[in-house]
Amino acid sequence: MRSLIDILDLSTEELRELIETAEDIIADPEKYAEVCRHKKLATLFFEPSTRTRLSFEAAMYELGGNVLSVSSANSSSAAKGESVADTAKTVSCYADIIAMRHPKEGAAFVAAANASIPVINAGDGGHLHPTQTLADLLTIWREKGRFTDLTIGLCGDLKFGRTVHSLISAMSRYEGNRFVLISPEELKVPSYVKSVLKEKNIPYEQTSDLMEVIGDLDILYMTRVQRERFFNEEDYLRLKDSYILTPDKMRSAREDLSVMHPLPRVNEISVAIDDDPRACYFKQVKNGKYMRMALILKLLYEAGTLKTLPERSRA
Ligand code: NCD
């Protein structure tokens with residue numbers, strides 16, 4: 001059974017196809033409006049979420065399907081001590097596909113190993129978040145028209161920020177990209193993520209100074225300091241405002257910079273930047289829904305749950 005746990009589960013060819021499907025949905029949503037009739041998506045969210053859960057649910061509704069939802073660990077049998085494996089087996093009896101968010105790294109993998117329907121990782125602890133990366137990729141594609149030869153700055157909590165880990169993996173597969181990793185010492189990218197850059201000889205630099213590098217960037221991916229993953233509140237309070245992007249700082253950035261953020265924003269981007277044409281974070285939200293629609297279609301088709309897919313119009 002095909003699931004999506006890590007963005008690397010999808011080949012670059014498949015990513016291109018998902019983007020084509022998303023673009024086709026944007027161009028002609030009517031064509032897709034009934035494709036998932038009588039099919040059910042279960043969203044199992046054992047950790048807070050606004051965007052990701054609603055994005056999956058909106059995606060399924062826009063495909064004409066239905067949604068079953070668990071929106072907190074407290075309201076489900078997880079609170080009674082049920083294992084992820086048993087939850088996955090149970091939900092497989094009700095739904096056609098699962099989107100799962102869980103505070104433990106590896107939870108979606110365990111769910112996929114036990115479910116008899118496709119499982120989509122909607123964030124597993126501080127590990128990975130492949131569908132945010134799908135949103136990010138469509139945004140980069142629409143803003144830049146390419147995935148190659150980009151200088152990509154990632155700024156903030158690069159240690160616990162799962163969206164950062166998945167985006168680095170994804171962009172490491174394309175030629176000519178360079179990464180600028182901007183974080184306080186304590187929140188640097190984990191070594192398992194950096195080892196991919198080293199193995200593939202991908203150029204990257206690490207710095208704690210955003211202003212020193214902002215003028216070089218094609219993309220600036222800001223992130224929230226992940227309070228819930230800190231062991232003590234004092235460290236969080238010390239680091240939470242390490243970077244705040246302001247209109248003044250944006251004056252040193254390029255005219256064609258794309259400012260991205262997976263959201264939620266706490267304090268990292270001044271709201272005064274929202275009207276700057278370089279701000280792309282609300283576009284990412286929209287793009288996320290279309291990419292999740294494309295992904296649901298692909299996984300349901302590969303599982304044999306959908307017998308046909310609409311023909312994509314050739315651009
Ligand atoms: C991110 C997440 O949950 O990892 N949010 C999201 O899904 N858009 C980023 C975050 O919580 O900071």
Side-chain angles (χ1 to χ4, degrees), residues 1-28 32 35 51-52 55-56 59-60 62-63 97 99 108-109 112 118-124 127-152 154 161-179 193 196-197 199-200 202 218-219 221 258 260-262 280-281 283-303 306 309-315:
M1 184 59 56
R2 189 86 193 270
S3 285
L4 177 66
I5 307 305
D6 184 325
I7 193 69
L8 299 178
D9 297 341
L10 294 165
S11 67
T12 51
E13 171 67 14
E14 288 178 307
L15 289 176
R16 202 179 50 77
E17 278 170 15
L18 287 172
I19 287 176
E20 279 175 19
T21 304
E23 294 280 12
D24 201 48
I25 295 169
I26 293 168
D28 188 0
Y32 291 86
V35 181
R51 251 157 311 278
T52 307
S55 175
F56 269 111
M60 194 55 169
E62 290 191 26
L63 292 167
I97 186 165
F109 177 82
V119 174
I120 302 172
N121 182 7
D124 61 327
H127 189 211
L128 300 172
H129 194 345
T131 64
Q132 180 61 44
T133 304
L134 294 179
D136 300 342
L137 289 175
L138 181 57
T139 307
I140 294 172
W141 187 252
R142 297 198 117 201
E143 296 301 311
K144 301 289 179 208
R146 65 182 201 276
F147 289 140
T148 54
D149 302 309
L150 294 166
T151 299
I152 304 162
L154 298 119
R162 54 194 173 195
T163 63
V164 165
H165 307 157
S166 290
L167 185 60
I168 293 177
S169 301
M171 294 306 285
S172 295
R173 290 195 288 184
Y174 301 97
E175 293 294 308
N177 291 329
R178 192 164 76 85
F179 293 91
V193 178
V196 177
L197 300 176
E199 269 163 36
K200 293 184 158 181
I202 296 168
D218 295 303
I219 292 167
Y221 194 95
S258 299
M260 299 175 65
H261 190 308
C280 296
Y281 27 95
K283 292 182 188 168
Q284 277 168 272
V285 177
K286 258 206 170 135
N287 290 338
K289 182 186 69 181
Y290 296 119
M291 286 301 268
R292 291 183 175 103
M293 290 171 80
L295 177 68
I296 290 170
L297 290 177
K298 176 180 173 63
L299 293 179
L300 287 180
Y301 181 71
E302 290 189 16
L306 292 178
L309 290 180
E311 206 42 40
R312 280 194 301 259
S313 333
R314 289 269 150 228

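Below, each value reflects all heavy atoms present in this structure, side chains not excepted, and no hydrogens, waters or symmetry copies.
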With a 4.5 Å cut-off on side-chain heavy atoms, are Val285 and Arg51 touching?
yes

Short question: side chain of Asn121, backbone of Ala108 - any donor-acceptor pair under 3.5 Å?
no

Taking atom types as modelled, find out whether Lys298 and Thr21 have a side-chain donor-acceptor pair closer than 3.5 angstrom.
no

Would you mind checking if Glu17 and Arg312 are paired as a salt bridge, meaning a charged N to carboxylate O distance below 4.0 Å?
no

Closer than 3.5 angstrom, by distance alone: can the side chain of Ser166 be matched with the main-chain N or O of His129 as a donor-acceptor pair?
yes

Nearest atoms (heavy-atom pairs only) where Ala303 meets Pro118
CB-CG, 3.9 Å

Classify the side-chain pair Asp149/Tyr174 by whether it contains a donor and acceptor separated by less than 3.5 Å.
no

Side chains of Ser258 and Tyr221 in contact at under 4.5 Å (non-hydrogen atoms)
no

Under 4.5 Å between any side-chain heavy atoms of Met291 and Ile19, yes or no?
yes

From Gln132 atom CD to His165 atom NE2, the distance as rounded to the nearest 0.5 Å
13.5 Å

If we only count heavy atoms from C-beta on, is the Asn287 to Leu134 side-chain gap below 4.5 Å?
no

Does either side chain, that of Arg173 or that of Thr12, offer a donor lying less than 3.5 Å from an acceptor on the other one?
no

Where do Val119 and Ala112 come nearest, in terms of heavy atoms and distance?
CG2-CA, 3.7 Å

Would you say Asp9's side chain and Asp6's backbone share a donor-acceptor pair under 3.5 angstrom?
yes

Taking atom CZ of Phe179 and atom CG of Asn177, what is their separation to the nearest 0.5 Å?
5.5 Å

Do Arg2 and Glu14 pass the salt bridge (Lys or Arg N to Asp or Glu O under 4.0 Å) test, and can you show the C-alpha distance, the side-chain angles, and the key distance before you say yes or no?
CA-CA 13 Å; Arg2 189 86 193 270; Glu14 288 178 307; 2.8 Å; yes

Does any part of the side chain of Asp124, heavy atoms only, come nearer than 4.5 Å to the side chain of Leu128, both counted from C-beta?
yes

Just how far is it from atom CD1 of Ile152 to atom CE of Met171, taken to the nearest 0.5 Å?
4.0 Å

How close do Phe56 and Ile120 get, counting heavy atoms only, and between which atoms?
CZ-CG2, 3.6 Å

Side chains of Ile140 and Arg146 in contact at under 4.5 Å (non-hydrogen atoms):
no

Looking at Leu4 and Leu295, what are the two nearest heavy atoms and their distance?
CD2-CD2, 3.6 Å

Begin from the C-alpha positions of Lys283 and Met260 and carry the test side chain to side chain contact (heavy atoms under 4.5 Å, CB included) through to its verdict.
CA-CA 9 Å; Lys283 292 182 188 168; Met260 299 175 65; over 6 Å; no

Describe, in one word, how the ring planes of Trp141 and Phe147 are oriented to each other, choosing from parallel (under 30°), tilted (30 to 60°) and perpendicular (over 60°).
tilted

Closest heavy-atom pair, Leu197 versus Ser172, reported as atoms and distance to 0.1 Å, is CD2-OG, 3.5 Å

Nearest 0.5 Å, please: how far is OH in Tyr32 from CG in Leu309?
8.0 Å

Could you measure the distance from the CD atom of Glu302 to the CG atom of Leu297? Nearest 0.5 Å is fine.
11.5 Å

Before accepting this row, confirm whether a basic side-chain N of the pair Arg292/Glu62 lies closer than 4.0 Å to the acidic partner's carboxylate O.
no

Mind checking the SG-CZ spacing from Cys280 to Arg142? Nearest 0.5 Å is all I need.
11.5 Å

Side chains of Leu154 and Ile168, heavy atoms from C-beta outward: is any pair under 4.5 Å?
yes

Would you sort out whether Thr133 and Thr163 count as a side chain to side chain contact (heavy atoms under 4.5 Å, CB included), showing the intermediate values?
CA-CA 7 Å; Thr133 304; Thr163 63; 5.8 Å; no

What is the minimum heavy-atom distance between Asp136 and Gln284, and which atoms define it?
OD1-NE2, 2.9 Å

Check step by step if side chain to side chain contact (heavy atoms under 4.5 Å, CB included) holds for Ile219 and Lys144.
CA-CA 9 Å; Ile219 292 167; Lys144 301 289 179 208; 4.1 Å; yes

Considering only heavy atoms from C-beta outward, does the side chain of Ile7 approach that of Thr131 to under 4.5 Å?
no

